[in-house]
Asker: 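Provided herewith is a single structure, encoded as structure tokens, for subsequent inquiry.
To find a chain, count down the sequence lines: A is the first, B the second, and so on, and within it residues start at 1.
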2 protein chains.
Amino acid sequence: MFDVDDVLQTLAAHELKLTPQRRRVVEVFFRHPGEHLSADDVYAEVRREHPDVGLATIYRTLDLLSDLGILDKLEFGDGRSRYELDRGERERHLHLICTRCGRVEELQPDELLARLEGEIERRTGFLVVDRELKFYGLCAGCRADRQAGR
Amino acid sequence: MFDVDDVLQTLAAHELKLTPQRRRVVEVFFRHPGEHLSADDVYAEVRREHPDVGLATIYRTLDLLSDLGILDKLEFGDGRSRYELDRGERERHLHLICTRCGRVEELQPDELLARLEGEIERRTGFLVVDRELKFYGLCAGCRADRQAGR
DNA sequence: GTCGCTGCAAATGTTTTGCAATAAT
DNA sequence: ATTATTGCAAAACATTTGCAGCGAC
């Protein structure tokens, strides 16, 4: 899945119609790579140039594209769904949250995490597409402070 | 946190009132260990023996107990929040959330995860105490369905 | 007796659905 | 020409909030 036309060909391959509304929804995602867009985000963006689209159409299109594996539907617990283009190799968000000073560190994916995900797939058949990993604990500074009685 | 009375003592310690409604909500969770209960699940269960409770009270109580750390509030992307008794730091589950059918599988933290956490500590000095891990993707069933064009 | 807590009903915000009109194939 | 797709409005959800009365302390 490299550009808008690839997506539209996928639609054709499933005998689905290539409507201007669907094209525009797809374009929004290619214009906002890596972003987690809510239905309303997409709606607003599409309406800037095509003000007569209905929100229901946005929802139906997002559902459709998710079912086709073109989009991934994500939930971040804020009461609305978010969508983004399904990318094979996604950055792996891994956050270290210090419960003492509140600082958040970000870590790059590593080979051990890849192996953990491989193990998940091997054991359960579940294909990991995205992840939200939060580790809570003490950062190096706070560990030193605590040891020193600060 | 071992039984209902421990929870009720925690309420008292925070100068919160021990109402029969709160007691009943807590009891539901102790009667359903390990389950992910929605507000409506709890509501239905409480109403079986106390039919005049309001749903708003259930929501307010679930919020309160989550703030106190007695419950964990979980989001699995099916449009409703789920709650369970806080299991304590080291035993928290690892969730596999299928973005197509919404099913949630649970996995126990395993040795590969322990090594990942060891690696985090070695590289950054961060001491992992707790974690919240969500992997999004396709469960085995949905992968098969998608391949078959269903 | 105080004021936190409750039940009810109404409000909110997101997502879904029914339906007649429209347009892609 | 067919029939999927659309826009609109209404409906369906989960959750929150305002408020007067109730009840745990």
Side-chain angles (χ1 to χ4, degrees), chain A residues 4-5 7-26 28 36-68 70-71 73-83, chain B residues 5 7-26 28 36-47 49-68 71 73-83 99-102 149:
Chain A
V4 176
D5 286 332
V7 173
L8 299 182
Q9 278 172 34
T10 303
L11 287 180
H14 287 259
E15 304 191 325
L16 296 163
K17 294 183 179 174
L18 278 58
T19 66
Q21 291 89 337
R22 286 176 179 169
R23 170 183 285 273
R24 288 196 161 89
V25 167
V26 171
V28 166
H36 298 143
L37 302 176
S38 67
D40 213 62
D41 293 337
V42 177
Y43 182 52
E45 188 73 13
V46 168
R47 276 177 84 99
R48 285 173 45 182
E49 303 190 329
H50 190 121
D52 48 337
V53 216
L55 180 55
T57 297
I58 303 293
Y59 274 106
R60 284 184 285 231
T61 303
L62 294 173
D63 265 11
L64 180 77
L65 296 174
S66 299
D67 284 348
L68 291 172
I70 292 163
L71 296 181
K73 184 177 185 175
L74 308 170
E75 299 287 337
F76 294 130
D78 63 343
R80 63 215 313 169
S81 297
R82 310 212 161 243
Y83 301 81
Chain B
D5 285 333
V7 173
L8 298 181
Q9 278 173 32
T10 303
L11 287 181
H14 287 258
E15 303 190 325
L16 295 163
K17 294 183 177 172
L18 279 57
T19 66
Q21 290 89 337
R22 287 176 178 171
R23 170 182 285 273
R24 287 194 162 91
V25 168
V26 171
V28 166
H36 300 140
L37 302 176
S38 67
D40 212 64
D41 293 337
V42 177
Y43 183 51
E45 188 74 10
V46 168
R47 276 178 84 99
E49 302 189 328
H50 190 121
D52 48 338
V53 215
L55 180 54
T57 297
I58 302 294
Y59 274 106
R60 285 184 284 232
T61 303
L62 294 174
D63 266 11
L64 180 76
L65 295 174
S66 299
D67 285 348
L68 292 172
L71 296 181
K73 184 177 186 174
L74 309 170
E75 302 284 341
F76 295 136
D78 63 343
R80 64 220 303 166
S81 297
R82 310 214 160 241
Y83 301 82
T99 52
R100 197 163 183 268
C101 69

Asker: Under the side-chain contact (heavy atoms from CB on, under 4.5 Å) rule, what do Leu64(B) and Arg22(B) come out as? Steps first, then yes or no, please.
Answerer: CA-CA 10 Å; Leu64(B) 180 76; Arg22(B) 287 176 178 171; 3.7 Å; yes
Asker: Between Asp63(A) and Ser66(A), do the side chains contain a donor N or O and an acceptor N or O under 3.5 Å apart?
Answerer: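 Result is no, nothing qualifies.
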Asker: Measure from CG on Asp63(A) to P on dT6(D) and round the result to the nearest Å.
Answerer: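 Computing the Asp63(A):CG to dT6(D):P distance gives 12 Å.
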Asker: First contact, last contact: which nucleotides of DNA chain C are these for chain B, 5' to 3', heavy-atom distance under 4.0 Å?
Answerer: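 Extent of the interface on DNA chain C: dC3(C) to dC8(C).
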Asker: Nearest whole angstrom, please: distance from the P of dA4(D) to the CG of Asp67(A).
Answerer: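 Between P of dA4(D) and CG of Asp67(A): 17 Å.
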Asker: Compare side-chain N and O positions of Gln21(A) against OP1 and OP2 of dG7(D) and report whether any pair is under 4.0 Å apart.
Answerer: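 Indeed, a polar side-chain atom of Gln21(A) lies that close.
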Asker: Report yes if some heavy atom in the side chain of Arg24(A) is under 4.5 Å from a heavy atom in the side chain of Thr61(A); otherwise report no.
Answerer: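 They are not in side-chain contact.
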Asker: Can you tell if the side chain of Glu45(B) reaches within under 4.5 Å of the side chain of Asp41(B), non-hydrogen atoms only?
Answerer: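 Not touching, per the 4.5 Å side-chain cut-off.
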Asker: In whole Å, what is the span from the CG atom of Leu65(A) to the C1' atom of dT5(D)?
Answerer: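 Value for this atom pair: 14 Å.
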Asker: Start with the C-alpha distance between Val46(B) and Thr57(B), add both sets of side-chain angles, then the distance that settles side-chain contact (heavy atoms from CB on, under 4.5 Å), and finish with yes or no.
Answerer: CA-CA 11 Å; Val46(B) 168; Thr57(B) 297; over 6 Å; no
Asker: Where each residue is assigned the nucleotide of DNA chain D containing its nearest heavy atom, which of Thr19(A) and Lys73(B) is assigned the position nearer the 5′ end?
Answerer: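 Nearest nucleotide further toward 5': that of Thr19(A).
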Asker: Take atom CD of Glu75(B) and atom P of dA14(D), then tell me their distance rounded to the nearest Å.
Answerer: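 Distance, rounded to whole Å: 13 Å.
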Asker: Under 4.5 Å between any side-chain heavy atoms of Ile70(A) and Val26(A), yes or no?
Answerer: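 No - every pair of side-chain heavy atoms lies 4.5 Å or more apart.
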Asker: Nearest to the side chain of Arg60(A) - dT16(D), dT5(D), dC8(D)?
Answerer: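 So the side chain of Arg60(A) is nearest to dC8(D).
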Asker: Please report the distance, rounded to the nearest Å, between CG in Leu62(B) and C1' in dT17(D).
Answerer: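 These atoms are roughly 17 Å apart.
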Asker: For a 4.5 angstrom cut-off between non-hydrogen side-chain atoms, does Leu11(A) reach Leu8(A)?
Answerer: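 A side-chain contact under 4.5 Å exists here.
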Asker: Regarding Ser81(A), tell me which of base, sugar-phosphate or nothing describes its non-hydrogen contacts under 4.0 Å with the strands shown.
Answerer: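 If one applies the 4.0 Å heavy-atom cut-off, Ser81(A) turns out to touch the sugar-phosphate alone, with no base involved.
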Asker: Using whole Å, what does the distance between atom P of nucleotide dA24(D) and atom CZ of Arg24(B) come to?
Answerer: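 Taking atom P of dA24(D) as the reference, CZ of Arg24(B) is at 11 Å.
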Asker: CZ of Arg80(B) versus C1' of dA12(D): gap in Å, rounded?
Answerer: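 For the pair Arg80(B) CZ and dA12(D) C1', the rounded distance is 12 Å.
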Asker: Surrounding CZ of Arg23(A) (heavy atoms of other residues, nucleotides or ligands, distance under 6.0 Å), is the total greater than 12?
Answerer: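 Count not over threshold, so no.
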Asker: Of the residues in residues 41-57 of chain A, which ones touch DNA chain C at a heavy-atom distance under 4.0 Å?
Answerer: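 Per residue number, the list reads Leu55(A), Ala56(A).
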Asker: Arg47(A) side chain to Val53(A) main-chain N or O, any donor-acceptor pair under 3.5 Å?
Answerer: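 Yes; at least one donor-acceptor contact below 3.5 Å.
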